[in-house]
Amino acid sequence: MNRQTNPDITFSSSAGDFHTAWKAPSNIALIKYWGKHGNQFPNNPSLSITLNNAVTITRFHAKKREDKDGISLKYFFDGEQNRAFEERIFSRLNDLLSELPFLKKYAIRAESHNTFPYSAGVASSASSMAAISLFITELEQAETKSSYSENEFYRRASALARQFSGSASRSLFGGWAAWGASEAIPESSDHHAVPLTTSVHSIFENPGVAILVVSSTPKKVSSTRGHRLMDSHPFAEARYKQARNNLLNLLEALETGNFGQFAQIAENEALTLHSLLMTSSSDGLLLKPESLKIMEAIRNFRESTGTPVCFTLDAGPNILLIYPQEAKEKVVSFVQNSLIRFCENERWIDDCMGNGPEKLRY
Ligand code: DP6
């Protein structure tokens, strides 16, 4: 199934100004990217679900300017200028300047809004960085007068997103997305993500995702630092090997519809990520007692009722439940009756697999 939306790469322009708007989703990895090298290349392939409701909407306005020294960028989240985020983008854009010299010709203003709370357990950096990359790819097309095919357009945007934040590279595609070269995934690459084209059983075609917010306090260890700590972790090589094996077994489970096998791998990946975090740094103990209670309750519920549901986690205390749509009613009542008591202000987000980025009218 091709879930990509047509980019409709017509853009609005007046007096050489350029403006566009994108809705870009976040994603949650089932096979985790943890450890990188060089120019944001992953040490193992990863595989994720693109989310439907957890999205970032960004309007970009690039105003033609005379002064061509360096980059001019202002980034607003919900009307407030976000200097920290601006800095992060700024430094990456500077690194990319020789490849994207036209950026100097514009004063760029971005106005962004997330549909999901910050630190809810899904990465807002992935959706924000995917949106910026889509904007730059459109601008690049206009500036270089090139015409990318739909495939080329999203791959280019994904390669740019990778350089902003590795996991963002997967947010350019709907459904299941893979980043990192693997012989098992056609056209997979370390440079950009690809939509998964291997066969996927109907129970995994549109999984539900329930995001349980245990704590919305921002984590202490940044992903970038966490990746770096992997370089000296004594289990690093074994981990990269394990991720490759887990990927092969997960692809098999996706094809055959074996939920038990899927659950075993998804949970193993999440717990491995946290084991690595915990043993890398004293800041890496991110799980809360409530996180453990929820994980245990999910396993007990799956065993006692046979309901196909499992958990995964990002680098934080929040828990994401993954389940086939046919189990939605049972899972939602389980969440409401047994799990939200462990959540911060009983907060949880009902999401599912999404179709990928969408270009909006500016
Ligand atoms: C735990 O993509 O946030 O979410 O490339 O340094 O920006 P940088 O790291 P980032 O790492 C995310 C790691 C993860 C697992 C994953 O999404 O695969």
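Counting convention: from 1, in listed order, for ligands and their atoms alike.
Of the possible polar contacts, none joining the Thr50 side chain to the Ser171 backbone as a donor-acceptor pair under 3.5 Å is found.
For atom 13 (C) of ligand 1, the closest non-hydrogen atom of the protein is Tyr33 O, 3.4 Å. Closest to atom 2 (O) of ligand 1, if we only count protein heavy atoms, is Ser167 OG, 2.6 Å. In terms of protein heavy-atom proximity, atom 14 (C) of ligand 1 is closest to Asp314 OD1, 3.5 Å.
Proximity of Leu273 to ligand 1, defined as any heavy-atom pair under 4.0 Å, is confined to the side chain (atoms from C-beta onward). Both the backbone and the side chain of Ser165 come within 4.0 Å of ligand 1, judged by heavy-atom distances. With a heavy-atom cut-off of 4.0 Å, Thr224 touches ligand 1 through backbone and side chain alike.
In this structure, Phe18 has its ring center at least 6.0 angstrom away from the ring center of His61. When ring centroids are compared, Trp34 and His227 come within the 6.0 Å threshold.
Near Gln40, meaning under 4.0 Å from one of its heavy atoms, ligand 1 places the atoms 5 (O). Within ligand 1, the atoms closer than 4.0 Å to a non-hydrogen atom of Gly166 are 2 (O), 5 (O), 7 (O), 8 (P), numbered from 1 in the order shown.
At a 3.5 angstrom cut-off on N or O pairs, Asn27 does not count as close to ligand 1. The distance criterion of under 3.5 Å between nitrogen or oxygen atoms is not met by Ala29 with respect to ligand 1. For a threshold of 3.5 Å applied to N or O pairs, the pair formed by Trp34 and ligand 1 contains no separation below that value.
Between Arg225 and Asp283, at least one side-chain nitrogen of the basic residue sits less than 4.0 Å from a carboxylate oxygen of the acidic one, meeting the salt-bridge criterion. Between Glu269 and Arg239 there is a salt bridge, since a side-chain N of the basic residue sits under 4.0 Å from a carboxylate O of the acidic one. A salt bridge links Asp17 to Lys63: one of the charged nitrogens lies within less than 4.0 Å of a carboxylate oxygen.
Taking each of Met129, Lys32, Arg170 in turn, the one with a heavy atom nearest to atom 16 (C) of ligand 1 proves to be Arg170.
Ring geometry for Phe262 against Phe204 counts as tilted: the plane angle lies between 30° and 60°, on a 0 to 90° scale.
A cation-pi arrangement is present between Arg59 and Tyr362, with the terminal nitrogen or guanidinium carbon under 6.0 Å from the aromatic centre and inside a 45° cone about the axis.
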